[in-house]
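Convention: sequence-line order gives letters A, B, ...; per-chain numbering from 1. Keep in mind it's a predicted model, so treat the numbers as computed, not measured.
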Protein chains: 2
Amino acid sequence: MKRDLIPPPVVWRLSLYLRELQMLAGEGVEKISSRKLAAGLHTTDAQVRKDLACFGQFGRPGVGYHVAELIQRIREILKTDKVRPVVVVGAGDLGRALLRHKGFIEKGFSLVAAFDVSARLVGKTAGDVTVRHIDELREFLQKSDIRLAVLAVPPQAAQDVCNLLCESGIQGILNFAPISISAPKSVTVRPVDLTAELEQLSFHVPTQ
Amino acid sequence: MKRDLIPPPVVWRLSLYLRELQMLAGEGVEKISSRKLAAGLHTTDAQVRKDLACFGQFGRPGVGYHVAELIQRIREILKTDKVRPVVVVGAGDLGRALLRHKGFIEKGFSLVAAFDVSARLVGKTAGDVTVRHIDELREFLQKSDIRLAVLAVPPQAAQDVCNLLCESGIQGILNFAPISISAPKSVTVRPVDLTAELEQLSFHVPTQ
DNA sequence: TAGATTGTTAATCGATTAACAATC
DNA sequence: TAGATTGTTAATCGATTAACAATC
């Protein structure tokens, strides 16, 4: 399982392929060529084939790829073929918006619990869960086998909460706090910075 | 202004540098070397210098960079030195969470209006704005000079709303809908897929 | 079979890293 | 001056694209 030598851009495109394939499956498409799969995304047939070749041989020359099979294979690679539980820390506007979002489950994620420090938020319901106090987080995680967390706390709190999550057995953190946080090498931290995304857009759009 | 030949990774790191510099400025730091700036982010001093060199000479040998000046320069490059107005289309959970978010303004963005089709949402207040009906969108944009939009509608509606935005003069769209949308070449579309972000995390975290 | 399309190798392209003379 | 640090060039590394024999 030499997973770490897969180039990050390849893993990213796996998510794009999966999304496209799931849409195609919804339209009843059963098989697809690398060329047609590439057409919807902004890439090429060679890229698609090269990417998939990192993980095995999934297609048939002259035929293409079987949509349902390829979906299954990619989900296995991304480890989303079985639903993975996720905790949300920080139940402010963004945290609660994520908790209410309906689309995660069919993609293989279930937001199973939420935590916050604020008395104003503890006890509130969002999506399927009731917000708990963050003091309960450690014990909750130690009794479970949850490995993924969404961090949606203010930047000042982010590093402390990150430390707590790492100590409690979390191995992957999606960090929405606009600050760079550190974690042990065994823990993957993936930053998401919505302001930075807007800045990238701004760069490409003239003013005035 | 040969902006289009700047490598995308460089523009992305500009946002990271800016965030770090703004934090340093908040701590009262006045000058900084490329080495120290790189240390916080996950990059190197050579990378920092090379990136900045795309835009001019901002530092002084033996001294480093002046924090406040570099902040100003990067904001000019990203065009966020003056506040840019942004419309939000789709006032569901995510759209409203973004509207309530306090952090955009000091980064140079102001969410000035929100639109939705749903009678349930029109008239609701979120952040500083009241949600309008999407039928008002075209006229609203034609009377203004707003060039940036956040698209937070369901995937089935995304392409139609994108078309409407493009026809109304929008030149940059941050697309949260989990679907690939097409726009004229003159319009920049930047996709943000939160599920895909979770998938990337999942890939790196073992199951069981 | 003929046409289509894969998996894979080789060639190209672009981005990062290292090194260092110039300069404060 | 001596030490620090820039801007920039050259070397390395990694990712994308093109091409094609193998195969359905």
Side-chain angles (χ1 to χ4, degrees), chain A residues 2-17 20-21 24 29-74 77 196 200 203-204, chain B residues 2-17 20-21 24 29-74 77 196 200 203-204:
Chain A
K2 38 191 176 159
R3 276 289 152 66
D4 278 350
L5 31 121
I6 305 292
V10 173
V11 186
W12 178 254
R13 284 190 298 266
L14 242 33
S15 282
L16 303 188
Y17 300 153
E20 186 75 2
L21 288 163
L24 289 166
V29 177
E30 291 190 353
K31 58 186 181 42
I32 187 131
S33 65
S34 56
R35 172 184 283 266
K36 282 198 196 137
L37 183 53
L41 291 359
H42 305 100
T43 185
T44 64
D45 56 340
Q47 180 88 267
V48 170
R49 293 197 301 277
K50 193 122 214 295
D51 286 350
L52 295 177
C54 294
F55 305 97
Q57 308 189 166
F58 304 146
R60 279 199 304 171
V63 179
Y65 300 87
H66 190 269
V67 173
E69 188 197 318
L70 191 50
I71 289 175
Q72 173 62 18
R73 294 304 195 99
I74 294 179
I77 294 165
Q200 298 301 297
F203 174 83
H204 293 286
Chain B
K2 40 190 176 158
R3 277 288 153 66
D4 278 350
L5 30 120
I6 306 292
V10 173
V11 185
W12 178 253
R13 283 190 298 266
L14 241 34
S15 282
L16 303 188
Y17 300 153
E20 186 76 3
L21 287 163
L24 290 166
V29 178
E30 292 190 352
K31 56 184 183 42
I32 187 130
S33 64
S34 55
R35 172 184 283 267
K36 282 196 196 139
L37 183 52
L41 292 358
H42 304 101
T43 184
T44 64
D45 57 339
Q47 181 87 267
V48 170
R49 294 197 300 278
K50 193 123 216 295
D51 287 349
L52 296 176
C54 294
F55 305 97
Q57 307 190 164
F58 304 146
R60 279 199 304 171
V63 179
Y65 300 88
H66 191 268
V67 173
E69 188 198 318
L70 191 50
I71 288 175
Q72 173 62 16
R73 295 303 196 100
I74 295 179
I77 295 165
Q200 298 301 297
F203 175 83
H204 294 284

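Scanning all heavy atoms of the two residues, the minimum distance from A/Arg49 to A/Ser34 falls at NH1-OG, 2.9 Å. A/Tyr17 and A/Val48 make their closest contact through OH-CA, 3.5 Å (heavy atoms, listed as atom of the first residue, atom of the second, distance). Between B/Cys54 and B/Val10, the shortest heavy-atom contact is SG-CG1, 4.2 Å. Scanning both residues, A/Ile77 and B/Phe203, for their nearest heavy atoms gives O-CD1, 3.4 Å.
For the pair A/Leu52/A/Leu14, a side-chain contact is recorded, criterion being any heavy-atom separation below 4.5 Å from C-beta on. Taking 4.5 Å as the limit, every side-chain heavy atom of A/Glu20 sits out of range of all side-chain heavy atoms of A/Leu16.
The side-chain contact (heavy atoms from CB on, under 4.5 Å) check on B/Ser33 picks up B/Arg35, B/Lys36, with sequence neighbours excluded. Residues satisfying the side-chain contact (heavy atoms from CB on, under 4.5 Å) test with A/Ala196, not counting sequence neighbours, are A/Asp193, A/Glu199, B/Trp12, B/Ser15. With sequence neighbours left out, the side-chain contact (heavy atoms from CB on, under 4.5 Å) criterion links B/Pro9 to B/Pro7, B/Arg13.
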Check residues 64-74 of chain B and write down every donor-acceptor pair under 3.5 Å in which the side-chain atom is one partner and the other belongs to a residue at least two apart or another chain.
residue: B/His66; atom: ND1; partner: B/Glu69; partner atom: N; Å: 3.3
residue: B/Gln72; atom: NE2; partner: B/Glu76; partner atom: OE2; Å: 2.7

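Screening residues 53-63 of chain A for salt bridge (charged side-chain N to carboxylate O under 4.0 Å, His left out) gives no qualifying pairs among residues at least two apart or on separate chains.
Taking CG of A/Leu37 as the reference point, atom CD of A/Gln47 lies at 11.5 Å (rounded to 0.5 Å).
Annotation: proximity of residues 37-48 of chain B to DNA chain C (heavy atom, distance under 4.0 Å) is found for B/Thr44, B/Ala46, B/Gln47, numbered in ascending order. Using a 4.0 Å cutoff on non-hydrogen atoms, the parts of residues 57-68 of chain A near DNA chain D are A/Arg60, A/Pro61, A/Gly62, ordered by number.
Bounding nucleotides for the chain B contact on DNA chain D, 5' to 3', at a heavy-atom distance below 4.0 Å, are D/dA4 to D/dT9.
Helical stems in DNA chain D, defined as runs of 3 or more consecutive Watson-Crick or G-U wobble pairs with both donor-acceptor distances under 3.5 Å, are listed by first residue as C:3-24 with D:3-24.
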